[in-house]
Amino acid sequence: MKTYFKSIVLIISIVLTSCTDVIDVEVQTAEARLVIEASLDWEKGTIGNEQTIKLSLSTPYFNSEENSIVTGAQVSVINNNNQLEFIFEDQNNGEYTTSSFVPELNHDYTLIVQYNGETYTADETMMPVADLDAIYQSTEEGFDDEVLEVNADFVDPIDEENYYLFKIQKQNDLLPVLLDISDKFTDGNQISVYYEREEDEDINQEEFAVGDIVDVEFYGISKQYYNYIGLLILQYESIGDPFSSTPVALKGNCVNTTDTNNYAFGYFRLTQKVTASYTFE
Amino acid sequence: MKKLVVLCILFTSILSAQNKHTISGIIKDVNNGETVFGASVFLKGTANGVMSNEYGFYSITAPEGTYNLAVSYLGYTDIVQEIVLNKSQKLNFELSEAATQLDEIVITAEESESVSIRKPQMSVSKVNVATIKKMPVVLGEVDIVRSIQMLPGVTNNGEASSGFNVRGGAVDQNLVLLDEAIIYNTSHLLGFFSVFNADAIKDVKLYKGGIPARFGGRVSSVLDVRQKDGNNKEFKLTGGVGAISSRLAVEGPVFNEKGSFLIAGRSSYAHLFLKMAEEKNSAKFYDLNLKTNYILNENNKLYLSGYFGRDSFNIEGGFESSYGNLSGNLRWNHIFNNKLFSNVSLIYSNYDYELTIDAFEFDWVSSITNYNVKYDLKYYASDALKLDFGINGIYYDFDPGAIDPTTETSPINPLQLEKKTAFESGLYVNAEHKITDKLTAQYGVRLSSFTRLGGQVLVDYENELPVVYNNTLGIYQAGNSIGETEYSKNDEIKTFQNLEPRVSLSYQLNEFSSVKAGYSKSAQYIHLLSNTQSVSPLDVWTPSGKFIKPQLSNQYAIGYFRNFNDKKYSLEIETYYKTVENRIDYIDGADLIGQNTIETEILNGESRAYGLEFLLRKSKGNFTGWLAYTLSKSEQRTLGGAAGGPGINNGAWYKSNHDRTHDISLTTSYELNKKWRFGSNLVFQTGRPVTYPNGEYQYEDITIASYSDRNSDRLPAYHRLDVSATYTPSRKPNKQWKGEWVFGINNIYNRKNAAAISFGQNRETGANEATRTSIFGIVPSVSYNFKF
């Protein structure tokens with residue numbers, strides 16, 4: 001009877017748990033395109049004068065070993081409200097830096113990148129962020145009420161459209177987790193965000209344990225960036241999901257004024273941010 | 001005087017030459033009293049014949065004389081009766097099942113000598129439930145929707161997908177009727193099973209094209225499913241026990257044998273085993289079919305039918321979803337005279353779904369309800385002309401969603417998306433006309449109309465553009481809203497009207513072959529919004545109105561039909577070309593969840609599909625089956641239109657999600673002896689079109705994929721082989737209890753068919769990898785079916 005019982009369960013579990021496996025797939029290869037990662041983040045409580053912009057090239061999907069560093073470009077940012085210009089110096093490793101940036105909340109800035117005889121521009125506004133009220137751990141607030149998660153609470157300002165980005169990474173992990181939030185359904189309320197890890201042998205992931213340290217970065221973002229990053233996260237995370245939507249090209253706000261078809265990947269954003277760290281007890 | 005005599009003789013001879021009489025009646029099954037739909041009733045030696053309608057009614061008009069009237073239906077013994085036709089008469093017939101040693105079942109287009117090849121109705125497949133029960137099953141459940149996918153021109157969009165696709169059409173373009181009530185979601189458990197309990201079903205008819213004028217509202221197909229009436233002679237119990245689910249049906253006479261009833265229920269119980277195994281996830285479904293009828297008198301019969309089905313998922317106790325159909329239909333058959341049959345129906349149909357997520361503390365409910373009245377008449381004017389006409393009205397109530405917090409501390413604010421109402425009506429007339437001995441035509445027209453009613457608020461957009469192209473960023477965005485217009489309940493937001501001609505011709509080349517051609521135009525006023533690759537049960541139905549236009553299709557088809565070797569084999573070859581205007585598609589990154597203004601996420605486009613279908617059947621002997629092959633293409637194009645910009649995929653044609661170049665299905669059934677029967681299904685399909693990455697770059701410390709043109713890649717080909725063996729233990733002839741064991745293995749060589757392939761970074765190594773999700777590996781099943 002027991003073996004009969006077990007085989008029924010086996011049959012059922014074959015049905016209800018789909019299987020995933022990694023396979024070899026041939027994909028097409030597009031020409032390399034400029035990638036502009038211009039994230040000017042101003043940490044609350046600091047001056048925000050040190051900023052970095054990264055330029056790179058896109059590579060074939062399964063062969064990321066190709067040289068993708070971009071050097072020799074001219075990068076500058078202009079504050080349209082006070083005409084201040086900030087030149088970013090080429091560090092010859094794909095990074096362009098400045099230590100004289102002046103962040104002003106709600107000011108409009110324009111990015112100008114000149115590379116390979118073409119000019120790219122982008123416009124954005126420096127967005128403020130709410131304060132993080134609390135960061136703590138729990139087990140019941142997440143999806144699975146037996147597993148530890150880290151929680152972060154903040155209060156959303158009422159009667160304005162607000163958008164946020166969380167970047168959470170457990171120390172010693174290779175990759176961070178990105179979370180996009182809008183106040184469409186929660187305007188004016190206290191919003192609570194959690195990051196929980198389940199044990200998953202397939203990807204060698206373990207639950208949170210005592211002593212684990214998690215770094216949390218909390219950004220206030222514009223609606224346009226929210227649309228961009230939301231689509232990026234959706235397409236990044238829909239692994240093995242037959243209910244995902246058709247993936248599309250991610251078009252940021254960096255426009256090629258010389259040749260509109262040769263747009264750049266990436267985005268020019270200016271955000272205020274709050275950083276915090278939490279150690280599990 | 002001579003003149004008068006001549007006149008008299010002339011007059012009487014004209015009169016007697018015109019002396020025609022009508023025979024009419026009802027065809028039933030002698031064992032259980034079920035009416036027989038599609039039995040051929042004809043006068044042997046003449047070309048005069050009809051098929052019994054959905055209620056078993058037939059009517060033949062012929063000149064005075066003596067005839068051999070024959071009644072035949074596949075699987076039953078023919079009846080031949082000599083009749084002297086000197087006055088109109090009522091003749092009812094009861095057919096008995098043919099002795100089962102020669103199983104002659106298969107899918108049939110029509111039966112019988114003179115009638116089948118002649119019928120101008122093309123692109124239709126009528127499936128006997130007995131046939132479906134002989135095909136290998138999935139997890140012990142006989143499945144109607146899976147069986148029709150073995151026909152040419154019918155596929156589905158993957159193993160986790162609800163619904164089915166006909167001739168390159170989308171899932172929402174199929175009108176699915178259960179006893180005339182509209183069923184909005186045909187699947188249980190995300191497409192693993194269909195909502196049709198085969199024990200309660202009598203007939204299934206699928207129109208892939210050449211949709212008769214009496215049906216309207218969807219542009220690709222009509223799946224007309226009829227429930228059994230219930231045995232009106234004795235009580236019967238039918239059922240089955242399987243590994244995942246079980247079913248039980250009870251039927252019998254009521255009202256002193258003036259009526260009958262049928263109650264059938266089905267439920268899955270896998271979730272109980274999972275609970276015992278301490279699995280926190282569970283999925284379950286159940287459904288209930290009811291039907292009862294009452295014969296008032298010879299000319300009047302009442303029917304009441306109903307269906308209730310529900311699916312429920314519970315994942316880790318934190319995510320719950322449930323959805324299902326509910327429908328009811330009250331019908332009155334009235335026979336005016338021996339030539340005029342009518343049916344009036346009052347129908348209610350509802351589909352709703354509910355989603356609760358504890359971690360986010362909210363609950364979402366959405367539904368679509370309709371109330372429907374239809375009046376259909378059929379007039380058997382003469383042996384050359386049959387007319388049908390009628391009227392249909394449907395009132396819709398759409399509730400796209402209500403979101404509510406589930407706890408006091410929930411951050412969710414309650415939100416009710418704007419409810420929508422609409423009224424759709426149809427008026428049709430259709431003639432089946434035998435023009436010459438060889439040429440028969442069916443021509444009709446349907447006048448349909450749709451009014452989007454008020455009682456809601458609509459947004460006004462700058463320049464009347466809900467979607468605009470942002471030239472700088474190169475993307476489509478919501479247009480500027482400049483205000484709102486409130487429509488009161490008595491207002492009409494928009495009305496559409498369409499004239500839909502439906503014509504088909506059949507030309508008989510010789511006794512066993514014919515050529516058919518047809519053209520039909522259809523309008524569809526409600527649409528299923530789904531921007532996912534597989535249709536999910538959470539997708540929302542929406543009506544046409546100020547921003548969304550009705551879909552309009554034109555379909556042309558030509559076919560060649562032939563029986564040979566004394567009707568042992570039959571061959572159908574059909575080719576079609578179908579265009580659809582106003583096929584919606586979504587702008588890149590469309591967000592449909594909780595979206596009150598869907599018009600800001602869509603663009604209007606067009607689609608076209610064409611193909612060649614081939615069906616070879618063997619219907620007699622111990623070994624029966626069919627081979628179906630479809631070669632086709634289905635694509636769409638969505639230009640920017642008034643919104644500006646190039647459109648989706650830069651305005652180029654792209655393959656639709658359900659395009660399948662090759663689709664081959666082979667199904668066989670072999671009866672070894674009275675105890676053992678074997679069946680097999682072999683399926684091969686070109687992989688579904690998908691969008692793969694064509695490059696990658698680094699952003700925010702993660703690897704981001706960039707993608708190529710929409711649907712320009714394909715998943716690997718889909719194929720599998722299913723086998724089954726049915727063992728019927730011998731029983732004593734007196735014993736009432738009949739049972740059979742069905743053993744099956746699905747996907748016998750364990751092919752991991754990709755339901756989806758997605759791309760991402762390996763979280764340990766950071767390298768890019770492609771992950772395939774496959775749902776069914778090799779699945780064995782055992783079930784036991786019984787009849788008492």
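Letters A, B, ... are given to chains in the order of the sequence lines, protein chains preceding strands, and every chain is numbered from 1.
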First locate atom CD1 of Ile475(B), then atom CG of Asn227(A), and finally report the distance between them rounded to the nearest 0.5 Å.
7.0 Å

Are Tyr699(B) and Phe265(A) an aromatic pair by the rule of ring centers under 6.0 Å?
no

I'd like to know if the side chain of Lys251(A) reaches the main chain of Leu473(B), judged simply by a donor and an acceptor atom lying under 3.5 Å from each other, with no hydrogens or angles considered.
no

Just so I understand: if I count every heavy-atom pair under 4.5 Å between each of Pro693(B), Gly766(B), Pro716(B), Ala705(B) and chain A, which residue has the most?
Pro693(B)

Any side-chain heavy atom of Gln761(B) within less than 4.5 Å of one from Leu175(A)?
yes

The criterion is salt bridge (charged side-chain N to carboxylate O under 4.0 Å, His left out); which residues satisfy it with Lys167(A), sequence neighbours excluded?
Glu700(B), Asp701(B)

Is there a donor in the side chain of Gln235(A) and an acceptor in the side chain of Tyr707(B), or the other way round, less than 3.5 Å apart?
no

With sequence neighbours left out, write down each residue that passes salt bridge (charged side-chain N to carboxylate O under 4.0 Å, His left out) with Asp41(A), or none if nothing qualifies.
Arg269(A)

Measure the shortest side-chain to side-chain distance between Ile702(B) and Tyr236(A) over non-hydrogen atoms and say whether it is less than 4.5 angstrom.
yes

If only side-chain N and O atoms count, and only distance matters, is there a donor-acceptor pair under 3.5 Å linking Ser58(A) with Glu696(B)?
no

Taking atom CG of Leu34(A) and atom OH of Tyr697(B), what is their separation to the nearest 0.5 Å?
11.5 Å

Answer key: most heavy-atom pairs under 4.5 Å with chain B among Glu37(A), Arg33(A), Glu31(A) is Glu37(A)

Least distance between heavy atoms, Leu174(A) atom then Glu764(B) atom:
CD2-O, 3.5 Å

